[in-house]
Amino acid sequence: MARANDEVAALFAEYADLISITGGDAFRARVYEKAARSIGGHHADVSRLDLKGLQEIPNVGRSIAEKIVEYLGTGRVSAVEELRARIPAGVRRLTAVPTLGPKKAMAVYQELGVSSIEELVDAIRDERLRDLKGFGPRTEQNILHGIALLRSSGDRVLIDAAMDVAESVVARLSTAAGCRRCAYAGSLRRGRETIGDVDVLAAADDSEPLMRAFTELPRTREVVAHGTTRTSIRTTEGLAVDLRVVPPDSWGAALQYFTGSKAHNIRTRERAVHQGLKLSEYGLFDAETGERIVSETEEEVYARLGLPWIPPPLREDRGEIEAGLRGELPELVRESDLRGDLHTHTDLTDGLAPLEQMAAAAAARGHAYYAITDHAPNLFMQRMTDERMLAQRERVRELDAEYGRRGARGGTRLLHGVELNIDPDGGVDWPDDFLAGFDLCVASVHSHFNQSRDAMTRRFLRACENPYVNIIGHPTTRVIGKRPGVDADLDALFAACARTGTALEINSHPDRLDLDDEHILRARRYGVKFAIDSDAHSTLHLAYLRYGVATAQRGWLAKDDVINAWPLTRLRRFLRKGRTG
DNA sequence: GCCGTTTTCGGCCCGACTGTTTTCAGTCG
């Protein structure tokens with residue numbers, strides 16, 4: 001099941017939207033938004049907390065705590081139900097369209113009766129929208145563009161949502177009678193950033209108990225198809241999950257087949273054909289006699305094709321077959337190679353947890369080093385000041401003295417950094433003498449996303465030339481399914497990063513995954529170094545590193561390409577960059 | 001509806017951009 005915190009957070013986020021759409025008090029809506037975020041990022045399980053414990057969560061007071069209790073007891077909150085009854089669910093869905101907020105959504109619903117994206121597209125086509133006050137031709141264009149963006153990710157879900165489902169299904173099925181092996185395959189195993197449907201594979205002599213367990217999972221909402229080799233369900237979250245059960249001796253061939261990608265499989269089957277073989281999900285066969293040659297493990301299948309085992313993130317027909325034949329597959333960076341995290345926040349700005357909790361969580365993860373990089377003053381809403389930053393630094397130094405000595409492996413060293421804002425001209429928040437006090441600086445674009453390509457490129461290059469800027473944070477600033485990346489000459493950026501000793505971030509947040517795999521592949525050719533960061537805003541987000549690692553693997557990165565896989569002494573040398581003195 | 005080193009009421013993350021207007025509402029980060 002989804003974590004109770006996530007269910008409650010989703011409910012309050014919806015409530016906040018409904019308050020906004022129905023024109024309720026904006027401050028009240030924000031309170032629910034903030035509460036949703038706090039609850040989602042809270043370390044303790046809300047279903048185990050009492051009324052008093054709930055109120056210790058930031059932004060949760062008596063009223064919200066009572067609503068949580070009501071939800072946990074009855075599965076619903078009457079206040080939310082009342083608002084739901086007033087507004088069709090489709091209206092809220094409209095606010096998912098970028099540039100279409102609650103006010104405009106309510107206007108099209110009230111004036112035109114539009115309550116779905118399809119109806120909205122029709123209304124625009126019929127030019128009914130432009131008669132509304134506050135709407136014009138540009139508004140129509142922006143909305144259509146927003147809808148196109150939304151649809152570009154289709155029905156695909158982000159990797160973390162798919163992973164939650166896959167891991168719980170695998171855990172559950174693994175305990176079913178007769179289950180010999182069980183794993184997820186498909187695009188999720190390849191670490192793609194969005195997932196269409198989750199493919200789960202199991203090995204058993206008798207598929208029936210597994211299929212039954214699958215259809216009876218608590219999160220199964222609908223059984224779409226039910227057979228002896230394949231069953232498809234839709235979960236309560238609306239995600240399609242396929243289970244295929246194969247005989248145990250077909251495991252390797254089936255796993256290879258169902259992991260894909262299609263392009264990779266075409267290449268491997270071609271190789272089989274050229275060798276007088278036939279490759280299917282049941283094994284590698286002699287094409288003439290039909291005799292099965294190998295099938296139990298993926299390694300055997302690849303070996304018989306003259307290939308080393310190819311890590312799933314590489315299986316996209318992007319040169320992995322050729323590299324394998326030459327014996328030149330990269331030794332991919334693994335999550336266990338990461339020694340630290342170089343971009344994280346605390347509640348001094350928009351993080352949810354205080355510095356002390358974040359540091360403790362980082363130490364518990366076994367990080368050898370950990371950088372705190374809260375927002376700098378030019379992101380005005382965060383209200384950062386020189387004084388607050390310096391006070392935080394002092395506290396970081398104290399905690400470093402404490403954590404740096406702890407544990408058998410030398411403890412966790414805490415670094416004090418900052419996430420600077422790259423302004424439209426490429427400048428940053430502070431002059432050199434103030435920047436010199438930081439152990440490292442991440443610099444990111446947070447505004448003026450629509451600059452011309454030339455201006456944006458110049459902006460990035462100037463940031464790279466800054467001797468104190470060590471990492472370009474979430475370089476394209478895209479948000480998957482919501483905002484496209486900025487327009488810039490990325491090759492110029494990659495070259496500048498390589499030249500100046502500036503690392504590019506692989507931001508591990510599932511909404512971002514920025515840089516993406518294609519950009520990493522390109523940047524890598526310039527000899528750029530990368531930082532795989534969580535950009536954590538809560539202790540729970542520290543675990544996002546796994547998705548950044550998957551993306552890095554899809555970009556063929558090895559340990560040596562990633563600065564936070566290096567020992568601290570080597571990292572510190574890199575962070576000195578071109579600084580003088 | 002939450003919160004408090006400006007405290008139990010009266011604030012609430014601030015500024016910029018866009019497209020619509022003709023002085024501003026809506027959206028976003």
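Each chain gets a letter, A, B and so on, in the order the sequences are listed, and its residues count up from 1. The structure displayed is predicted, hence computed values, not measured ones.
Figure legend: A:Arg483 and A:Phe449 shown as a cation-pi pair, the cationic atom lying under 6.0 angstrom from the six-membered ring centre and within 45 degrees of its axis.
Here A:Trp430 and A:Tyr468 keep their ring centres 6.0 angstrom or further from each other.
Exactly one of A:Arg459, A:Met456, A:Arg478 qualifies for a side chain to side chain contact (heavy atoms under 4.5 Å, CB included) with A:Val486. That residue is A:Met456. For the side chain to side chain contact (heavy atoms under 4.5 Å, CB included) with A:Ile471, the qualifying choice from A:Val442, A:Asn564, A:Thr373, A:Leu420 is A:Val442, the only one to do so.
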A:Lys104 and A:Thr139: side chain to side chain contact (heavy atoms under 4.5 Å, CB included), yes or no, with the steps?
-> CA-CA 10 Å; A:Lys104 284 195 165 71; A:Thr139 313; 3.6 Å; yes
Ring pair (Phe, Tyr, Trp, His ring centres under 6.0 Å) between A:His448 and A:His446: does it pass, once the steps are laid out?
-> CA-CA 7 Å; A:His448 302 85; A:His446 288 121; over 10 Å; no
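B:dG29 atom P lies 21 Å from atom CE of A:Met384, rounded to whole Å. Protein atom CG of A:Asp25 is 10 Å distant from nucleotide atom C1' of B:dC12, rounded to whole Å. Counting to the nearest Å, the P atom of B:dT20 and the CD1 atom of A:Ile143 are 10 Å from each other. Distance CZ (A:Arg30) to P (B:dG11): 15 Å, rounded to an integer number of Å. Regarding A:Asn142, its CG atom lies at a distance of 12 Å from the C1' atom of B:dT20, rounded to whole Å. Going from atom CG of A:Leu132 over to atom P of B:dT21 covers 11 Å, rounded to whole Å. A straight line from CZ of A:Arg483 to C1' of B:dG29 spans 7 Å, rounded to a whole angstrom. In this entry the distance linking OH of A:Tyr15 with C1' of B:dC2 reads 14 Å, nearest Å.
Between A:His448 and the phosphate of B:dA16, there is no side-chain N or O to OP1/OP2 separation shorter than 4.0 Å.
Here, B:dT8 and B:dG4 have their P atoms 13 Å apart, quoted to the whole Å. Atom C1' of B:dT27 sits at a distance of 13 Å from the matching atom of B:dT20, rounded to the whole Å. Using atom C1' as the reference point in both B:dG15 and B:dG10, the two lie 23 Å apart (nearest Å). The same atom, P, is picked in B:dC17 and in B:dC9; the two are 41 Å apart, to the nearest Å. When the P atom is compared between B:dA16 and B:dT21, the two are found 24 Å apart, to the nearest whole Å. Look at the C1' atom in both B:dG19 and B:dC12: the space between them is 28 Å, to the nearest Å. Nucleotides B:dC2 and B:dT6 place their P atoms 23 Å apart, quoted to the nearest Å. The gap from the C1' atom of B:dC13 to that of B:dG29 amounts to 11 Å, rounded to the nearest Å.
The side chain of A:Pro102 lies closest to B:dT27, out of B:dT27, B:dT20, B:dG1. With B:dC3, B:dG19, B:dT27 as the candidates, the nucleotide lying closest to the side chain of A:Lys104 is B:dT27. Distances were taken from every side-chain heavy atom of A:His446 (C-beta onward) to each of B:dG29, B:dC2, B:dT20; the shortest belongs to B:dG29. Distances from the side chain of A:Gln382 to the nucleotides B:dG15, B:dG1, B:dC13 place B:dC13 closest. Distance from the side chain of A:Arg28 is smallest for B:dG1 among the nucleotides B:dC12, B:dG1, B:dT20. Comparing B:dG1, B:dT27, B:dC2 against the side chain of A:Lys103 picks out B:dT27 as the nearest. Comparing B:dT18, B:dG1, B:dT20 by their nearest atom to the side chain of A:Asn450 picks out B:dT18. Side-chain proximity of A:Phe380 to the nucleotides B:dC3, B:dG1, B:dG15 is greatest for B:dG15. With B:dC12, B:dG1, B:dG29 as the choices, the nucleotide that has an atom nearest any side-chain atom of A:Phe449 turns out to be B:dG29.
Using Watson-Crick or G-U wobble geometry with both donor-acceptor distances under 3.5 Å, B:dA25 finds its partner in B:dT18.
Between A:Phe135 and A:Phe27, the residue anchored nearer the 5' end of DNA chain B, judged by the nucleotide with its closest heavy atom, is A:Phe27.
A syn base is found at B:dT7: its glycosidic angle is within 90° of 0.
Taking the six-membered ring where the residue is Trp, A:His367 and A:Tyr370 present parallel rings, their angle staying beneath 30° rather than reaching 60°.
A:Thr139 comes within 4.0 angstrom of sugar-phosphate atoms only, judged by non-hydrogen atoms across all strands, and of no base. A:Ile64 comes within 4.0 angstrom of the backbone, heavy atoms only, and of no base.
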